**Student:** 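Please find one structure pasted underneath; my questions will follow.
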Amino acid sequence: MAEISSTVPKYTIRPATEADSLGINAIVNYEIGVSVNNFNYGPRSEEDGLAWFRSTIAGGYPILVATTLVDNKDVVAGYSSLGSFRQKDGYRFTAEYSLYIHHEHRKRGLGRSLLKDLLVEANERKFHAIIGSISEGNEASLRLAAEFGFRVVGTMRENGYKFDRWIDNTFVELLL
């Protein structure tokens, strides 16, 4: 996996372990509380986070983390993962990606590094198509996807509801 260095701190991209699930969960729960990038309304419990981690890995999908040392402790600064696009046999070569960066570690190239390494994993695991769903207003994620060759395949209008308003989602696709 890649090792990248910003001005400070230094980040390492690596496969996630169960020990990382708490850090991943903290990032997800922050996004649930402040953004429309995750359509859950309430925080994900530690148990549910661990169950997600285990089922993702058991399903043959990768989870990668970007970590850095803070007070000599490995801290999760971001993560990316692949997951099932649809639960039907004919979709087994298609995966949906997720990518979240901790709000204190953004604009340091972590998203780019995590997506790059995730796509390497996707190729190695013989996926054919990678899908992303990007909520309205998330221009940074749309730009990042475009950098890697994802193309917009459509926008679903008002298919999500959060914070008392309807949200559009743009779907992107990359054929490997």
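The shown structure was predicted, so the numbers you read here are calculated from the model rather than taken from an experiment.
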**Student:** Report yes if the side chains of Asp20 and Thr17 come closer than 4.5 Å at any heavy-atom pair, otherwise no.
**Tutor:** yes
**Student:** So, does Lys162 use its side chain to make a donor-acceptor pair with the main chain of Asn38 at under 3.5 Å?
**Tutor:** yes
**Student:** Heavy atoms only: give me the nearest Tyr61-Ala95 pair and the separation to one decimal.
**Tutor:** CE2-CB, 4.1 Å
**Student:** Identify, with sequence neighbours excluded, every residue that meets salt bridge (charged side-chain N to carboxylate O under 4.0 Å, His left out) alongside Glu46.
**Tutor:** none
**Student:** For Val65 and Ala16, which heavy atoms make the closest approach, and how far apart are they?
**Tutor:** CG1-CB, 3.7 Å
**Student:** With a 4.0 Å cut-off on N to O distance, would you call Glu31 and Arg106 a salt bridge?
**Tutor:** yes
**Student:** List the steps, then state whether side chain to side chain contact (heavy atoms under 4.5 Å, CB included) holds for Tyr30 with His102.
**Tutor:** CA-CA 8 Å; Tyr30 176 84; His102 187 285; over 6 Å; no
**Student:** For residues Tyr11 and Arg108, report the shortest heavy-atom separation together with the two atoms involved.
**Tutor:** OH-NH1, 2.6 Å
**Student:** According to a 4.5 Å side-chain heavy-atom criterion applied to Ile, Leu, Val, Met, Phe, Trp and Tyr, with indirect links allowed, do Val153 and Met156 form part of one hydrophobic cluster?
**Tutor:** yes
**Student:** Following the transitive rule for hydrophobic clusters with a side-chain heavy-atom cut-off under 4.5 Å over Ile, Leu, Val, Met, Phe, Trp and Tyr, establish whether Val172 and Ile167 coincide in one cluster.
**Tutor:** no
**Student:** Please enumerate all residues that pass side chain to side chain donor-acceptor pair (under 3.5 Å) together with Glu173, with sequence neighbours excluded.
**Tutor:** Arg151
**Student:** Can you confirm whether Asp74 sits close enough to Arg14 that some side-chain heavy atom of one is under 4.5 Å from a side-chain heavy atom of the other?
**Tutor:** yes
**Student:** I'd like to know if the side chain of Asn29 and the backbone of Ala26 have a donor-acceptor N/O pair within less than 3.5 Å.
**Tutor:** no
**Student:** Under 3.5 Å, is there a donor-acceptor pair between the side chain of Arg54 and the main chain of Ala51?
**Tutor:** no
**Student:** How far does CZ of Phe163 sit from CZ of Phe39, to the nearest 0.5 angstrom?
**Tutor:** 10.0 Å
**Student:** Please work out whether the ring planes of Tyr79 and Tyr100 are parallel, tilted or perpendicular, with thresholds of 30° and 60°.
**Tutor:** parallel
**Student:** Give a yes or no on whether the backbone of Phe148 and the side-chain of Lys116 come within a donor-acceptor separation of less than 3.5 Å.
**Tutor:** no
**Student:** Out of the candidates Leu82, Ile24, Leu118, only one should pair with Ile63 under the side chain to side chain contact (heavy atoms under 4.5 Å, CB included) rule; please name it.
**Tutor:** Ile24
**Student:** Strictly by salt bridge (Lys or Arg N to Asp or Glu O under 4.0 Å), give each pair with a member in residues 122-137 just once, sequence neighbours left out.
**Tutor:** Glu121-Arg125, Glu136-Arg165
**Student:** Would you indicate whether the side-chain heavy atoms of Leu114 and Tyr97 approach each other to under 4.5 Å?
**Tutor:** no
**Student:** Pick from Phe127, Phe93, Phe171, Tyr91: which one makes a ring pair (Phe, Tyr, Trp, His ring centres under 6.0 Å) with Phe85?
**Tutor:** Tyr91
**Student:** What heavy-atom pair brings Ile13 and Ala66 nearest, and what distance separates the two atoms?
**Tutor:** CD1-CB, 3.5 Å
**Student:** Once rounded to the nearest 0.5 Å, what's the spacing between atom OG of Ser133 and atom CG of Asn159?
**Tutor:** 6.5 Å
**Student:** Might you point out which heavy atoms bring Tyr41 and Tyr161 nearest each other, and give the distance in Å?
**Tutor:** OH-O, 2.5 Å
**Student:** In Å and rounded to the nearest 0.5 Å, what is the CG to CD1 distance from Asn25 to Ile32?
**Tutor:** 8.0 Å
**Student:** Specify the closest pair of heavy atoms between Asn169 and Ser135, including all atoms of both residues, with the distance to one decimal.
**Tutor:** OD1-OG, 3.2 Å
**Student:** For Lys73, is there any backbone N or O sitting under 3.5 Å from a side-chain donor or acceptor partner on Asp71?
**Tutor:** no
**Student:** Is there a path of hydrophobic side-chain contacts, each under 4.5 Å between heavy atoms of I/L/V/M/F/W/Y residues, joining Val75 to Ile27?
**Tutor:** no
**Student:** Does a sphere of radius 6.0 Å around CZ in Arg112 hold more than 12 heavy atoms from other residues, nucleotides or ligands, not counting ones at 6.0 Å or beyond?
**Tutor:** no
**Student:** Does Asn138 have any side chain to side chain donor-acceptor pair (under 3.5 Å) partners at least two apart in sequence or in another chain, and if so, which?
**Tutor:** Asn37, Ser141
**Student:** Out of Leu175, Ile131, Leu115, Leu144, which one pairs with Phe150 under the side chain to side chain contact (heavy atoms under 4.5 Å, CB included) rule?
**Tutor:** Leu115
**Student:** Keeping the roles fixed (side chain from Ser113, backbone from Leu110), state whether a donor-acceptor pair exists under 3.5 Å.
**Tutor:** no
**Student:** Hydrophobic clustering (ILVMFWY, side-chain heavy atoms < 4.5 Å, transitive) - are Leu119 and Ile134 grouped together?
**Tutor:** yes
**Student:** Taking salt bridge (charged side-chain N to carboxylate O under 4.0 Å, His left out) as the definition, give me every residue that meets it alongside Arg157, ordered by chain and number, with sequence neighbours left out.
**Tutor:** Asp168
**Student:** Can you list the residues that meet the salt bridge (charged side-chain N to carboxylate O under 4.0 Å, His left out) rule with Asp48, with sequence neighbours excluded?
**Tutor:** none
**Student:** Could you state whether Leu176 and Val152 fall into the same hydrophobic cluster, counting links through intermediate Ile, Leu, Val, Met, Phe, Trp or Tyr residues with side-chain heavy atoms under 4.5 angstrom apart?
**Tutor:** yes
**Student:** Closer than 3.5 angstrom, by distance alone: can the side chain of Ser81 be matched with the main-chain N or O of Pro62 as a donor-acceptor pair?
**Tutor:** no
